[in-house]
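Here the structure comes first, spelled out in structure tokens, and everything after it is commentary.
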Amino acid sequence: MTEIFLFNTLERKKTQLIPQNPKRVTMYVCGPTVYNRAHIGNMRPAIVFDVLFRLLRHTYGADHVVYARNITDVDDKINAAALAEGVDISVITRKYTEVYHQDIQSLNVLLPNLEPRATAHIGEIIALIQKLIDEGHAYTAEDGVYFHVPSMKNYGRLSGRNLEDMQAGARIEIDEKKKNPADFALWKAAKPNEVSWDAPFGAGRPGWHIECSAMIEKNLGQTIDIHGGGHDLIFPHHENEIAQSECAHGGATLANIWMHNGFLNFGSEKMSKSLGNVLNIAEITATFKPEAVRLAMLSAHYRAPLDWNDDLITQSTKTLDRLYRALENVWLDNVEAIAPQALIEALCDDINTPQALAVLSELVKNANKAQNDVDKKQALAELKGVGALLGILQLTPDEWFNDKPKDDDLNARIDALVAERTIARAEKNWGRADEIRKELAELKVEVKDGADGATWRFL
RNA sequence: GGCCUCGUGGCGGAGUGGUUACGCAGCGGAUUGCAAAUCCGUGAACCCCAGUUCGAUUCUGGGCGAGGCCUCCA
């Protein structure tokens, strides 16, 4: 078995993945807060960790990986959205959870094993907070419960900061209710018009970080193998998760490996809702195919920033055209996927998808050169193997090339032109044949003269 | 201000202490009535300066430039 190395934010270097239990490899990734539609930047972790999920399943067996990706379904923005529309928060969260599912499904993202929601874990959250209070790591204030950061001696390890630095930084607001400016909310006391739950320390709702700690403990255990999320979650979110969990668990490590994906940039600036420079899937797939979006995401290494623009997706589309053409050339029924070793090695090296795509290029050449069924079968099996791990090439070549809306009149017209051209060619009337090619080009149709006659497809 | 990341050919983008991926675009060839596709071949890069080294794009230090986190954020 190829050893898997992953860049661990905690150590700032690649470290070998050594699961605590190879029969139950555990991974937790921070999913969306469902208060409005996710943008494509939010899709990057879904896709990146989907590839890792596929690799883990391939390596340890599909039944031996437990992947949880949470849904945050209670927070300030959700409350604000619900209040604005005059509905219960569940109306908002259900709606956007569904949209999220549709979006990631269109990108070939597998469902995780678990999709825990904060509101379904209020009991666990309360118990965890109570434990932190009991053990002196948290205290009750008039507006809720706070985690007392100085109570943890090695706070800041993940993000590489320490209390003194943070206090020197002018950006932490002084809040009289907190014992220390770095303290953060575990529980926010109930406010009028806001959803709340009863708790021994007063009615309220969970703070941002505590849900992940509680859900990990409940669903995956005290210590998990991999914890992932976007780069901007390192601080404060993941740092605080560590603080809560490890203080509640007598210092037991929350996650052995912490992984963080880089951002999508838009016009060389971070894509973010607050900057307003975002695109969602629907906006992109109006022009491009979703699979091209996925491939574009994988064209750069997951930790590197990726500039998002139309050229990038156009190039990915061209690449997929080439991949599906190769697939078409070797297409046979009932061929099982085989993952090539070179691909496994690329992915095992911190999910090096650009390297994986280089491997894929080699396979495409093999496929295009394959003359007999043995070679074709081998090439097809390997192409499928790559597709299965990267989550691409899941269509038949036919489905890829012919996904334009059907227009019978137009199709009939094109068929007639192609037929006429075939006759012209048979009569060696090249002038007319070329004229028809030109007409077809204006209809965005490409004609190919193959050994078995002319075929056409929409460009 | 504190912490961190990055700077590779026309473009995208890996990687490496010496032989310098891969894709797109370009160029030459094969093939084609013409094309398309495909195959073969080919030119082209490592921000600047200093240091370590026999040798640095790769390591160290400095500089310049870009970006991120420190507040909600994938």
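Chain A is the first sequence line, chain B the second, and so forth, proteins listed ahead of strands; every chain is numbered from 1.
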- Between the CE atom in A/Met215 and the NE2 atom in A/His121, the distance rounded to the nearest 0.5 Å is 6.5 Å
- Query: Nearest-Å distance, CE (A/Met297) to P (B/rG13)?
  - Reply: 14 Å
- Query: Rounded to whole angstroms, how far apart are NE2 on A/His301 and P on B/rG13?
  - Reply: 13 Å
- Quick one: closest heavy-atom pair of A/Val335 and A/Lys384, and the distance? O-NZ, 3.1 Å
- Item | Whole-Å gap separating C1' (B/rC39) and NZ (A/Lys365) | 9 Å
- Message: Is A/Lys318 close enough to B/rA25 that one of its side-chain N or O atoms is under 4.0 Å from OP1 or OP2 there?
- Response: yes
- Query: Are any of A/Arg325's side-chain N or O atoms less than 4.0 Å away from OP1 or OP2 of B/rU38?
  - Reply: yes
- Note on the structure: note: A/Asn368, atom CG; B/rU38, atom C1'; distance rounded to Å ~ 6 Å
- Counting just side-chain N and O atoms, does A/Lys438 come under 4.0 Å of either OP1 or OP2 of B/rC34? no
- Query: If we only count heavy atoms from C-beta on, is the A/Val109 to A/Phe53 side-chain gap below 4.5 Å?
  - Reply: no
- Task: Using whole Å, report how far CD1 of A/Ile234 lies from P of B/rG67.
- Result: 19 Å
- Task: Mind checking which stems touch RNA chain B? I mean at least 3 consecutive Watson-Crick or G-U pairs, both distances under 3.5 Å.
- Result: B:1-7 with B:64-70, B:10-12 with B:22-24, B:26-30 with B:38-42, B:47-51 with B:59-63
